[in-house]
Amino acid sequence: MNAREHTALKRLDKKFFEQSAIDVSIGLLGTIMVRRIGGKVRRARIVETEAYLGPKDLAAHSSKGRTRRTEVMFGPAGRAYVYFIYGMYWMFNIVCGVTGGAQAVLVRAAEPLDGWDVDLTGPGKLARAFTITANDNAMDLTDEKIHFLADPDYRVRMVRTKRVGVDYAKHWKHRLLRFIDVGNPVGAKLKR
DNA sequence: GCGTCGATGGCA
DNA sequence: GCCATCGACGCG
């Protein structure tokens with residue numbers, strides 16, 4: 001990201017997010033998340049994601065059915081699903097797949113860019129650093145405020161593991177639906 | 001460096 | 001009563 005900085009990187013579009021949660025989880029690794037807020041631009045490279053596969057997936061919120069909270073998961077792909085947990089943390093998810101499929105990807109960790117000095121290892125920390133809250137729920141993630149750039153020259157070295165904190169999800173807890181870019185210095189340090 | 005545990009609030 | 005978390009604390 002230096003000499004080629006001025007050549008426009010392609011923004012991930014709705015079609016990208018219409019892929020399955022697994023494909024979106026994998027495809028997001030190595031991409032650059034861009035956040036514009038308060039006249040500032042913050043960017044970070046995504047190094048960890050988790051896929052949630054819809055109502056049949058007992059770890060997915062949509063398995064509880066359609067409620068006021070989960071409503072956005074049942075909507076079109078490419079929108080944010082933001083929810084509050086543990087009394088103090090916001091989780092930033094991206095709705096993906098076909099409309100009604102209620103799949104989502106949780107963005108768990110990223111490597112800050114442009115000299116931004118911050119710890120983005122963990123979904124709570126990431127949302128906090130990017131100032132993502134309930135205000136951003138259902139937001140279109142192909143828009144200016146938050147979007148993602150493909151970086152075709154960046155190489156990902158991916159490892160799959162089990163998702164975090166889903167011990168209650170019966171057989172679904174064993175599925176390898178967590179994806180880490182261990183080729184990235186930040187991703188390499190994540191606990192597996 | 002690693003395990004344990006409390007804070008804290010929306011949701012079913 | 002959970003819960004897709006974090007950070008402080010106690011080890012030795």
Side-chain angles (χ1 to χ4, degrees), chain A residues 17 19-29 31 33 35 42 44 46-75 77-97 101-112 116-139 141 146 148 158-182 185-192:
Chain A
F17 296 110
Q19 300 177 94
S20 72
I22 291 176
D23 287 343
V24 172
S25 295
I26 294 170
L28 275 176
L29 291 180
T31 66
M33 178 170 165
R35 168 61 152 164
R42 296 295 197 195
I46 295 178
V47 302
E48 184 190 6
T49 56
E50 277 179 4
Y52 289 83
L53 306 188
K56 66 187 177 192
D57 177 0
L58 297 179
H61 284 174
S62 51
S63 69
K64 304 279 192 183
R66 199 188 275 247
T67 67
R68 187 147 72 252
R69 179 169 70 151
T70 63
E71 183 63 30
V72 66
M73 286 189 80
F74 290 85
R79 289 164 50 174
Y81 169 44
V82 180
Y83 66 89
F84 191 64
I85 195 161
Y86 300 128
M88 49 183 110
Y89 299 108
W90 297 97
M91 298 286 111
F92 174 58
N93 299 256
I94 303 169
V95 178
C96 43
Q103 297 198 351
V105 170
L106 171 64
V107 180
R108 291 187 54 89
E111 173 197 24
W116 184 21
D117 183 21
V118 68
D119 180 3
L120 302 176
T121 61
K125 288 189 270 193
L126 185 143
R128 186 207 294 151
F130 274 113
T131 322
I132 291 172
T133 67
N135 292 335
D136 304 296
N137 192 44
M139 163 182 293
L141 298 176
I146 306 180
F148 301 84
M158 191 184 78
V159 165
R160 296 179 68 145
T161 68
K162 295 175 187 178
R163 293 174 292 183
V164 174
V166 297
D167 286 350
Y168 59 89
K170 306 259 179 86
H171 64 283
W172 284 93
K173 74 177 186 180
H174 303 300
R175 297 284 304 271
L176 303 178
L177 295 174
R178 178 173 173 232
F179 307 87
I180 303 173
D181 175 14
V182 296
V186 172
K189 280 188 269 186
L190 297 174
K191 210 174 146 200
R192 312 194 231 153

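Since the structure is predicted, the reported quantities are computational estimates derived from the model, not experimental observations. In what follows, chains carry the letters A, B, and so on, assigned in the order in which the sequence lines appear, proteins first and then strands, with residues in each chain numbered from 1.
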Next item on the list: Provide, to the nearest angstrom, the distance between the CE atom belonging to Met73(A) and the P atom belonging to dA4(C).
Entry: 12 Å

Check: Touch check for Met88(A), heavy atoms < 4.0 angstrom, all strands: base, sugar-phosphate only, or nothing?
Finding: base

Check: If we call it a pair only when both distances are under 3.5 Å in a Watson-Crick or G-U wobble match, what pairs with dC2(B)?
Finding: dG10(C)

Margin query: Once you apply a heavy-atom cut-off of 4.0 Å, does Gly124(A) come out as touching a base, just sugar-phosphate, or nothing?
Written below: sugar-phosphate

Notebook entry, point to check: Quick one: which of dT8(B), dC6(C), dC3(C) gets closest to the side chain of Pro123(A)?
Noted result: dC6(C)

Notebook entry, point to check: Sub-3.5 Å donor-acceptor pair from the side chain of Ser62(A) to the main-chain atoms of Ala102(A), do we have one?
Noted result: yes

Item checked: Atom pair distance, as rounded to whole Å: CD1 in Ile85(A) and P in dA4(C) -> 5 Å

Item checked: Atom-pair distance (CD on Glu48(A); C1' on dA4(C)), nearest Å -> 11 Å

Margin query: Less than 4.0 angstrom between a side-chain N/O of Thr67(A) and OP1 or OP2 of dC11(B), yes or no?
Written below: no

Item checked: Contact under 4.0 Å: Tyr168(A) side-chain N or O vs dA4(C) OP1/OP2 -> yes

Margin query: Quick one: does any side-chain atom of Glu50(A) pair with a main-chain N or O of Val164(A) as donor and acceptor, under 3.5 Å?
Written below: yes

Notebook entry, point to check: Pick the nucleotide of DNA chain C nearest each of Arg128(A) and Gly165(A); which residue has the one closer to the 5' end?
Noted result: Gly165(A)

Note to self: Tell me the interatomic distance from Leu58(A), atom CG, to dA12(B), atom P, rounded to whole angstroms.
What the structure shows: 16 Å

Notebook entry, point to check: Can Tyr52(A) be classed as stacking with the base of dA4(C), given a centroid separation cut-off of 5.5 Å and a plane angle cut-off of 30°?
Noted result: yes

Check: Between Asn93(A) (side chain) and Tyr81(A) (backbone), is there a donor-acceptor pair under 3.5 Å?
Finding: yes

Notebook entry, point to check: Is the Phe130(A)-Trp116(A) ring centre distance short of 6.0 angstrom?
Noted result: yes

Next item on the list: Quickly work out the Asp119(A) CG to dT5(C) C1' distance and round it to whole Å.
Entry: 13 Å

Item checked: Tyr89(A) ring over dT5(C) six-membered base ring, under 5.5 Å and 30° -> no

Checklist line | Base dA7(B) paired with Tyr86(A) side chain (donor-acceptor, <3.5 Å) | finding: no

Next item on the list: Could you tell me whether a side-chain N or O of Lys125(A) sits under 3.5 Å from a main-chain N or O of Thr121(A), the two making a donor and an acceptor?
Entry: yes

Checklist line | Protein-nucleotide distance (Leu177(A), atom CG; dA4(C), atom C1'), rounded to Å | finding: 12 Å

Margin query: Please check: side-chain N/O of Arg163(A) versus main-chain N/O of Trp172(A), any donor-acceptor pairing under 3.5 Å?
Written below: yes

Next item on the list: Between dG10(B), dA7(B), dA4(C), spot the one nearest the side chain of Phe84(A), thanks.
Entry: dG10(B)

Checklist line | Lys173(A) side chain near dA4(C) phosphate (N/O to OP1/OP2, under 4.0 Å) | finding: no

Check: Nearest to the side chain of Arg69(A) - dG9(B), dC11(B), dT5(C)?
Finding: dC11(B)

Notebook entry, point to check: What's the NZ-C1' distance between Lys64(A) and dG10(B), to the nearest Å?
Noted result: 13 Å

Next item on the list: In whole angstrom, give the distance that lies between atom CZ of Arg163(A) and atom P of dT5(C).
Entry: 12 Å

Margin query: If the cut-off is 4.0 Å, is Arg108(A) near the phosphate of dT5(C), judged by side-chain N/O to OP1 or OP2?
Written below: yes

